[in-house]
Amino acid sequence: MGGNYRLRQLHSSCPIPTINFKSAKPKISYSSKKTSTSQNNKKLQNFSTTDSDIVKWNIAITTHMRNGLCESALRVFNSMSRRSSNAFVDEAREIFDKMPLKNGISWNGLLAAYVQNGRIEDAKRLFESKMDWTLVSWNCLMGGFVRKRRLLDARSVFDRMPVRDEISWNTIITGYAQNGEMEEARRLFEESPIQDVFAWTAMVSGYVQNGKLDEARSIFDRMPEKNSVSWNAMIAGYVQCKRMDMARELFEEMPSRDASSWNTMITGYAQSGYIAHARNLFDNMPQRDSISWSAMIAGYSQNGCSEEALHFFVEMQRDCERLNRSSFTCALSTCSSIAALELGKQLHCRLVKAGYQTGCYVGNALLAMYCKCGSIDEARDAFQEILEKDVVSWNTMIHGYARHGFGEEALTVFELMKTTGIRPDDATMVSVLAACSHAGLVDQGSEYFYSMNRDYGITAKLVHYTCMVDLLGRAGQLEEAQNLMKNMPFEPDAATWGALLGASRIHGNTELGEKAAQIIFEMEPHNSGMYILLSKLYAASGRWSDAGKMRLEMRNKGVKKVPGYSWLEVQNKIHTFKVGDTSHPHTDKIYTFLEEMDLKLKQEGYISSTKMVFHDVEEEEKVHMLKYHSEKLAVAYGILYIPAGRPIRVIKNLRVCEDCHNAIKYISKIVGRLIILRDNHRFHYFEGGSCSCRDFW
DNA sequence: ATAGGGTTAG
């Protein structure tokens with residue numbers, strides 16, 4: 001959508017001439033404003049084939065045509081079609097159809113433009129529209145199918161080819177190798193008349209990607225004349241298996257290292273948790289490229305060092321390295337993990353400027369960020385902006401809706417997904433079942449569960465059974481839930497019992513809840529979530545002292561809270577909550593928050609807060625209660641103090657003192673009326689409503 | 001037109 005928009009803007013500022021080819025000498029008529037010949041000729045002088053502006057290409061072509069220089073126009077077109085970006089492919093096609101003169105290069109160029117932009121169906125249609133294609137075209141089409149993992153189609157192209165060169169062989173070998181069919185890849189490799197370095201490397205890489213390190217190494221060792229790509233493929237293999245010692249050995253041993261070698265090692269160290277090693281390599285490498293930067297941003301982010309990740313994002317620009325899709329993606333992902341909505345929005349603005357928001361990876365990260373921050377409307381918009389939605393896009397949107405209590409919407413998206421030809425995977429079904437659970441749609445959920453194998457070939461895993469236990473349990477069918485647990489082909493794990501415990505809590509079955517909790521404690525003695533759930537179970541049935549005991553026991557056993565879920569993680573849209581709707585995940589979190597606080601205060605010897613009744617209270621009253629409890633928490637921790645009568649949202653300039661770090665690592669953000677506290681000590685201060693990263697820009 | 005490095009959800 002963004003691309004089209006940009007195109008429209010370009011059109012309106014600079015009209016594209018249309019050509020009438022019917023007359024012998026091409027005449028040009030203009031869609032709107034008239035541009036003089038001399039003006040166009042002047043523009044042609046400034047035209048360069050490195051130009052990314054489609055309008056300039058069009059002018060170049062039409063000016064040549066007007067001057068009767070069909071050959072020149074053809075040359076321009078052929079250069080253009082080969083490098084068309086997705087937004088311009090249709091433009092290229094339009095001109096292509098009007099060209100009076102086409103040669104093999106034009107046809108190939110258009111075909112390649114389709115293939116490169118993932119439009120394999122268009123490529124196929126074009127290919128079928130004529131007979132005499134060159135070898136390059138055959139190879140190109142086959143490569144397109146391989147990239148789309150459509151092996152059968154690729155093979156049929158390969159079999160139908162009139163002649164084959166080594167590229168044809170290598171392409172089909174790569175196809176099998178990258179799709180786990182190493183036997184066939186090997187057969188073709190041996191059958192191939194020419195085994196060049198591409199073929200050898202494709203085999204090494206194939207074994208690596210299929211986790212067969214020994215086979216990869218044996219091919220690698222037997223390989224004549226290796227180049228750096230081969231070395232890098234082998235190093236990547238060790239990196240994947242977290243064998244950094246072996247990777248390092250090869251890295252030191254290889255005759256000449258290129259940027260890829262360094263980047264592979266950096267990523268390897270970062271993903272194995274050795275972020276300092278990664279940094280060391282990054283600092284010492286001879287020439288960093290944009291991928292090195294992205295790798296570092298991702299590395300810091302994945303190791304919980306959000307601030308450093310964002311610093312690197314900023315530093316990257318200072319180093320004159322242009323921000324690319326990948327760096328945006330990583331930075332957005334970082335924002336997700338710390339629920340930094342304001343910063344995320346700033347990034348959103350910037351990537352719209354860069355025209356990146358329609359990309360799949362970036363779009364998915366943006367969508368996830370909005371979901372994580374509870375901005376479901378913005379999430380939906382981001383979702384719609386993604387041009388080629390993949391399974392992750394759909395899963396994230398469905399999960400986002402389900403998680404925020406919009407079960408019906410989640411299912412609507414799922415129905416839509418089915419019509420697009422993107423196959424739902426097991427993660428999709430988890431979200432779909434969760435959506436049914438939240439919407440109370442037991443029958444529909446069961447239908448999905450029992451038909452997912454038939455419809456999509458997805459075998460139910462334990463996690464799906466756990467969803468079903470949750471679905472039945474939430475709907476009050478505790479008997480059925482237990483029966484399912486007895487009869488399912490897996491042993492229930494702590495999460496399954498947790499679903500039963502949660503259901504018991506909602507429906508006030510203390511006995512069953514206790515039983516489930518007992519089993520969970522045996523399985524996972526340090527599972528903090530279960531202590532909390534059991535405590536909530538007691539609290540729900542009014543057994544406050546038992547609830548308190550659970551908390552104490554948890555503390556005495558030295559159970560650590562799950563990082564990232566410290567105390568409260570609520571989103572910023574409290575006004576959308578339905579009061580008393582216990583199925584709403586936010587309501588759940590508010591309960592947790594208030595109960596935790598209440599107990600904490602009691603344990604710390606503060607005057608007990610009032611018993612919380614959230615059902616049927618007015619919005620205003622709810623806010624008041626939240627404010628009341630927040631104040632108590634503030635006093636208890638000495639972190640912040642809210643003067644009586646002031647709404648919470650006016651709190652600003654919080655500073656977390658050293659003493660509080662053990663209890664709550666820091667306060668990350670204040671959004672609206674709610675406080676988000678997070679277990680992370682990276683940021684030391686914040687201003688209300690925005691995080692300190694704003695200073696970066 | 002073929003081989004290697006970074007990025008997305010849970």
Side-chain angles (χ1 to χ4, degrees), chain A residues 82 108 111-112 115-116 133-144 146-147 157 165-175 177-178 192 194 196-206 208-209 223 226-237 239 257-268 270-271 289-299 301-302 324-334 336 356 359-369 371-372 386 389-400 402-403 425-431 434 463:
Chain A
R82 266 203 303 276
N108 273 343
L111 186 76
V115 166
Q116 276 164 16
W133 289 93
T134 64
L135 179 54
V136 172
S137 320
W138 283 91
N139 285 342
C140 178
L141 183 69
M142 176 166 56
V146 164
R147 244 180 280 168
V157 173
D165 63 0
E166 68 273 25
I167 296 181
S168 327
W169 284 93
N170 293 346
T171 304
I172 196 70
I173 290 171
T174 306
Q178 287 176 350
S192 167
I194 305 157
D196 60 7
V197 65
F198 283 84
W200 281 95
T201 310
M203 290 302 289
V204 170
S205 177
V208 160
Q209 283 169 30
M223 187 172 171
K226 306 167 174 105
N227 63 14
S228 69
V229 179
S230 334
W231 283 88
N232 293 343
M234 197 60 234
I235 293 177
V239 161
R257 291 168 278 273
D258 61 12
S260 282
S261 328
W262 289 86
N263 292 340
T264 308
M265 292 299 291
I266 288 174
T267 310
Q271 288 179 355
D289 63 11
S290 64
I291 293 186
S292 325
W293 283 96
S294 297
M296 283 309 295
I297 297 171
S301 181
Q302 285 156 13
N324 53 25
R325 285 185 167 77
S326 176
S327 50
F328 271 112
T329 306
C330 299
L332 280 168
S333 167
T334 310
S336 295
Y356 289 160
C360 189
Y361 272 47
V362 180
N364 289 349
L366 184 69
L367 163 63
M369 187 276 295
C371 285
K372 183 75 191 294
I386 304 173
K389 302 174 182 63
D390 67 355
V391 67
V392 173
S393 322
W394 290 97
N395 287 359
T396 310
M397 191 69 251
I398 295 171
H399 183 260
R403 192 184 146 104
D425 63 8
D426 51 346
T428 318
M429 296 316 296
V430 171
S431 299
V463 60

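Basis for what follows: all heavy atoms, side chains included, without hydrogens, waters or symmetry-related copies. So you know, we letter chains A, B, ... as the sequences are listed, proteins then strands, and number each from 1.
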Hey, does A:Asn108 reach any base, or is it just sugar-phosphate, or nothing, if we go heavy atoms under 4.0 Å? nothing
Ignoring hydrogens and geometry, is there a side-chain-to-backbone donor-acceptor pair from A:Thr264 to A:Ser260 under 3.5 Å? yes
Base, sugar-phosphate or nothing for A:Ala259? Non-hydrogen atoms, less than 4.0 Å. base
Does a donor on one side chain sit under 3.5 Å from an acceptor on the other, for A:Thr171 and A:Thr174? no
Classify A:Val392 by what it touches in the nucleic acid, base, sugar-phosphate, or nothing, heavy-atom distance under 4.0 Å. base
Under the 3.5 angstrom rule, does the side chain of A:Thr201 hit a backbone N or O of A:Val197 as a donor-acceptor pair? yes
Do A:Asn263 and A:Asn232 have side chains that approach each other closer than 4.5 Å (heavy atoms only, starting at C-beta)? no
Mind checking whether A:Ile291 and A:Ser326 have side chains closer than 4.5 Å, heavy atoms only? no
Contact span of DNA chain B against chain A, any nucleotide atom under 4.0 Å from a heavy atom, 5' to 3', runs B:dA1 to B:dG10
What does A:Ala298 touch in the nucleic acid at a heavy-atom separation under 4.0 angstrom: a base, only the sugar-phosphate, or nothing? sugar-phosphate
We want to know whether A:Asp258 and A:Ser261 form a side-chain donor-acceptor pair, criterion being a heavy-atom distance below 3.5 angstrom. yes
Contact class for A:Arg257 (heavy atom, under 4.0 Å): base, sugar-phosphate, or nothing? nothing
